[in-house]
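Protein chains get the first letters and strands the later ones, always in sequence-line order, with residue 1 at the start of each. Please read these numbers as outputs of a predicted model, since none were measured by experiment.
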Number of protein chains: 2
Amino acid sequence: MRTRNEHKEQLVEEKALELLVTHGFDGFSMQKLAKAANVSPATLYIYYKDKEDLITQLGMIHGTKMVDVTLEGFDPHMSFEEGLRLQWRNRARYWLENPMEAKFFDLLSHTPYHKVIAMKMNDRFREVMTVFGRNAVEKNELVRVPFEVYWSIAFAPLYNLIRFHFEGQSKGGKPFTWSDEIMEQTLSLVIKALKP
Amino acid sequence: MRTRNEHKEQLVEEKALELLVTHGFDGFSMQKLAKAANVSPATLYIYYKDKEDLITQLGMIHGTKMVDVTLEGFDPHMSFEEGLRLQWRNRARYWLENPMEAKFFDLLSHTPYHKVIAMKMNDRFREVMTVFGRNAVEKNELVRVPFEVYWSIAFAPLYNLIRFHFEGQSKGGKPFTWSDEIMEQTLSLVIKALKP
DNA sequence: TTTATAAATGAATGTTTGTTTATTTATGGA
DNA sequence: TCCATAAATAAACAAACATTCATTTATAAA
């Protein structure tokens with residue numbers, strides 16, 4: 001029997017991400033993807049059940065990859081400050097090195113697909129973070145607040161900073177770009193907020 | 001000459017928001033909107049130049065309304081804590097009372113339309129906030145940090161909390177809902193972070 | 001070398017898309 | 001009352017859409 005062309009499959013994956021990010025979910029279609037990846041539309045339906053399946057699979061792949069990267073070198077028994085620093089650094093590095101994935105994920109999180117993927121993929125991260133948070137509170141390194149409050153303070157500013165970076169957000173004309181100093185400055189404010 | 005049916009026009013606006021929020025930009029079409037608002041597709045092209053114009057206008061309307069509400073009772077010469085508190089309260093109230101608008105805006109901010117609208121409508125808010133921030137720094141009520149860092153700490157957590165609320169985000173099953181205590185708790189951490 | 005089988009395709013399916021055109025309908029001002 | 005004019009429409013348009021079908025192509029195992 002004939003074997004699957006792995007190179008072709010990977011190209012489809014790449015181009016799908018590219019098209020989704022540059023033209024939005026709105027302007028994305030199977031035919032455009034097929035053309036961009038030099039593949040027959042019918043081939044896409046060998047790889048994926050349908051359009052929804054394509055996007056869901058893409059989300060899962062990059063979602064788990066992102067969680068893996070975020071938790072690289074992480075141990076829930078680290079000190080709170082050390083652990084949070086490591087996660088910020090890991091995420092920032094990954095996103096800056098993989099802007100397509102970063103933007104795709106940001107996009108995806110604001111579509112109906114989000115729920116399906118978040119459910120499956122956040123579980124691991126959520127679990128680790130719950131242990132980490134509980135330990136930190138017990139060691140008196142972290143204020144005791146509901147999970148959602150903690151999350152909103154600990155990570156929302158990082159996401160926002162990255163969005164600013166990719167949008168080149170500016171204050172009265174001066175464009176904004178990421179720097180380690182900016183991250184460090186923001187992170188230290190966050191840590192200050194979360195100390196008991 | 002015949003006069004425009006204002007009621008019909010407003011219904012179109014309402015239904016457009018509803019469809020966009022429930023089915024996403026993806027699943028939105030002029031024909032669906034026409035059907036939902038009991039109007040001929042051609043009528044939409046009397047109200048709006050094209051689909052892009054429809055969405056842009058919708059964004060502008062709700063964008064300026066949101067800025068107005070946020071700045072209700074605000075004065076850039078308020079103390080920093082008082083001013084930030086007021087803005088958080090204003091935004092939270094508006095979003096909880098107008099979930100459709102809130103979700104629409106969240107959605108919109110992750111599409112190519114975003115840039116067009118943000119440019120025009122954020123100007124006023126940005127200007128007021130710049131004065132407010134400068135004053136607060138001079139009075140030694142606010143740390144001196146780049147605008148983007150300030151923004152990421154001061155508002156990103158609020159946005160995140162609202163998203164959690166609308167998604168019913170949960171930790172191990174318990175669903176999350178907004179409460180004034182939760183907001184107060186988060187806001188006080190934010191203020192702690194931003195104090196010099 | 002042959003054969004069975006999955007990969008890959010080009011062309012077509014019927015549907016939905018955004019938008020326009022020709023026509024009818026309502027109404028403020030003459 | 002009647003007329004000019006804009007509102008509103010039903011029906012249509014080509015283009016783009018997701019998906020399928022009949023067929024060809026490549027290859028692992030026999």
Gap between atom CG of A:Leu194 and atom CG of B:Leu189 - 0.5 Å precision: 6.5 Å
Atom-to-atom span, CG of B:Asp26 to P of C:dT16 - whole angstrom: 15 Å
Interatomic distance where NZ belongs to A:Lys35 and P belongs to C:dG10 [whole Å]: 11 Å
N or O in side chain of A:Tyr45 less than 4.0 angstrom from C:dA8 OP1/OP2: no
Whole-Å gap separating C1' (C:dA26) and CZ (B:Arg4): 15 Å
B:Arg93, CZ atom: more than 12 neighbouring heavy atoms under 6.0 Å: yes
Donor/acceptor link under 3.5 angstrom from A:Arg2 side chain onto base of C:dA7: yes
Sugar-phosphate only, base, or nothing, as touched by A:Ser29 at under 4.0 Å among non-hydrogen atoms: sugar-phosphate
Distance, rounded to the nearest Å, where A:Tyr47 contributes OH and C:dA6 contributes C1': 12 Å
Nearest-Å distance for atom pair CZ/P, residues B:Phe28 and C:dG18: 8 Å
Sugar-phosphate only, base, or nothing, as touched by A:Tyr48 at under 4.0 Å among non-hydrogen atoms: nothing
Parallel, tilted or perpendicular, as decided by the 30° and 60° cut-offs, for the rings of B:Phe155 and B:Tyr150: perpendicular
Any B:Lys49 side-chain N or O less than 4.0 Å from OP1/OP2 of C:dT19: no
Dot-bracket summary - DNA chain D, pairs being Watson-Crick or G-U whose distances fall under 3.5 Å, with | when paired to another strand: |.||||||||||.|||||||||||||||||
Nucleotide C:dA8, atom C1' - distance to CE of A:Met30 in whole Å: 15 Å
Any side-chain donor near an acceptor of the partner, A:Arg4 and A:Tyr47, under 3.5 Å: no
Residues A:Glu81 and A:Lys192 bridged, charged N to O under 4.0 Å: no
Phosphate OP1/OP2 of D:dT9 contacted by B:Lys8 side-chain N/O (<4.0 Å): yes
Interatomic distance, A:Gln31 CD vs C:dG14 C1' [rounded to whole Å]: 13 Å
Side-chain N,O (A:Thr43) to OP1/OP2 (C:dT9) below 4.0 Å: yes
Modelled atom types, side-chain donor and acceptor of B:Gln57 and B:Asp53, under 3.5 Å: yes
Phosphate OP1/OP2 of D:dC17 contacted by A:Lys51 side-chain N/O (<4.0 Å): no
Shortest side-chain distance from A:Asp50, nucleotide among C:dG10, C:dA8, D:dT19: D:dT19
Separation of C:dT19 C1' from B:Leu33 CG (nearest whole Å): 14 Å
Plane angle bin for B:Phe25 and B:Phe104 - parallel if under 30°, tilted between 30 and 60°, otherwise perpendicular: parallel
Working for side-chain contact (heavy atoms from CB on, under 4.5 Å), residues A:Arg163 and B:Ser109: CA-CA 11 Å; A:Arg163 280 202 69 199; B:Ser109 70; 4.0 Å; yes
Residue B:Val39, side-chain heavy atoms: nucleotide from D:dT9, D:dA18, C:dT9 that is nearest: D:dT9
Minimum-distance nucleotide to B:Ile46 side chain [options: D:dA7, D:dT19, C:dG18]: D:dA7
